[in-house]
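Note that these values count all heavy atoms, side chains included, but never hydrogens, waters or copies made by symmetry. Numbers restart at 1 for each chain; the letters A, B, ... are given by sequence-line order, proteins then strands.
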Amino acid sequence: MRYWIMKSEPDAFSIDDLRNRPKQTEHWDGVRNYQARNMLRDEMKKGDQAFFYHSSCKEPGIVGIAEIVRGAYPDFTAFDPENHHYDPKSTPEAPRWYMVDVRFKRRFKRTITLAELKEHEALAKLTLLRKGNRLSIMPVSAKEWNLILDLE
DNA sequence: GCCAACGTTGGC
DNA sequence: GCCAACGTTGGC
């Protein structure tokens, strides 16, 4: 079982939006970066846990936990010309992009902010904090996961 | 709104 | 295959 951080702009899709979905479950679509796709497609498995991170907002940070409830399958939003994430190079016969299903697990009592994460020496290697890393999906080690949980 | 740090595209 | 131009992300 692996741990992840998944980023989302709360204006587009927040952890509360996830909680309010039927079965508190939603597909995680729109990943259009090869590095992120490879991790999502090849390493993300049912049962994995992910920190839900709010980006591009007033207080960027980790707001809760979601669980991967379905492993990678073709991202059908790429097939839809009306969709913002449409990619004509991805077809049902040869899908280029993938998605997983995530289910709400819990919301933290408070946001563990990006600023706070940066203060901890033990988290210096966290991919999220690495300079220039803008991936929407990033791995978290078990050690980092537990350390961050303790901050709550 | 600015800008650094990427990733992608396309001419050559 | 190189690289300039362009687009995107996301913190501040």
Checklist entry - Rounded to whole angstroms, how far apart are CZ on A:Arg32 and C1' on C:dT9? => result 16 Å

Checklist entry - Quick one: side chain to side chain donor-acceptor pair (under 3.5 Å) partners of A:Gln24, sequence neighbours excluded? => result none

Checklist entry - For A:Glu9, which contact category applies under a 4.0 Å heavy-atom criterion: base, sugar-phosphate, or nothing? => result nothing

Next on the checklist: Checking contacts here: which listed nucleotide (C:dG7, B:dT9, C:dG11) is nearest the side-chain heavy atoms of A:Pro60?
Outcome noted: C:dG11

Next on the checklist: Checking A:Tyr73 now: which residues fulfil side chain to side chain donor-acceptor pair (under 3.5 Å) with it, not counting sequence neighbours?
Outcome noted: A:Asp101

Item to check | Of all pairs that satisfy salt bridge (charged side-chain N to carboxylate O under 4.0 Å, His left out), the ones with a partner from residues 49-78 of chain A, not counting sequence neighbours | outcome: A:Arg32-A:Asp75, A:Glu67-A:Lys105

Next on the checklist: Can you measure A:Ile5 atom CD1 to C:dG10 atom C1' for me and round it to whole angstrom units?
Outcome noted: 15 Å

Item to check | Integer-rounded Å distance: C:dG10 P and A:Ile137 CD1 | outcome: 11 Å

Checklist outcome for this item: Within residues 113-126 of chain A, the residues having a heavy atom closer than 4.0 Å to DNA chain C are A:Leu114, A:Lys118

Item to check | salt bridge (charged side-chain N to carboxylate O under 4.0 Å, His left out) pairs, two or more places apart, involving residues 140-151 of chain A | outcome: none

Item to check | N/O (side chain, A:Lys7) to phosphate O (OP1/OP2, C:dG10) under 4.0 Å | outcome: yes

Checklist entry - Roughly, in whole Å, what's the span from CG in A:Asp11 to C1' in C:dG11? => result 15 Å

Item to check | Nucleotide of B:dT8, C:dG10, B:dG7 approaching A:Tyr34 most closely (side-chain heavy atoms) | outcome: B:dT8

Next on the checklist: Heavy atoms from C-beta onward define the side chain here; which of B:dT9, C:dG11, B:dG7 lies closest to that of A:Tyr53?
Outcome noted: C:dG11

Checklist entry - Can you check the A:Leu129 CG to B:dA4 C1' distance for me, whole Å? => result 17 Å

Checklist entry - Listed by chain and number, what are the salt bridge (charged side-chain N to carboxylate O under 4.0 Å, His left out) partners of A:Glu9, not counting sequence neighbours? => result none

Item to check | Distance below 4.0 Å between A:Lys131 side-chain N/O and B:dA4 OP1 or OP2 | outcome: no

Next on the checklist: Centroid separation under 6.0 Å, is that true for the rings of A:Tyr34 and A:Trp97?
Outcome noted: yes

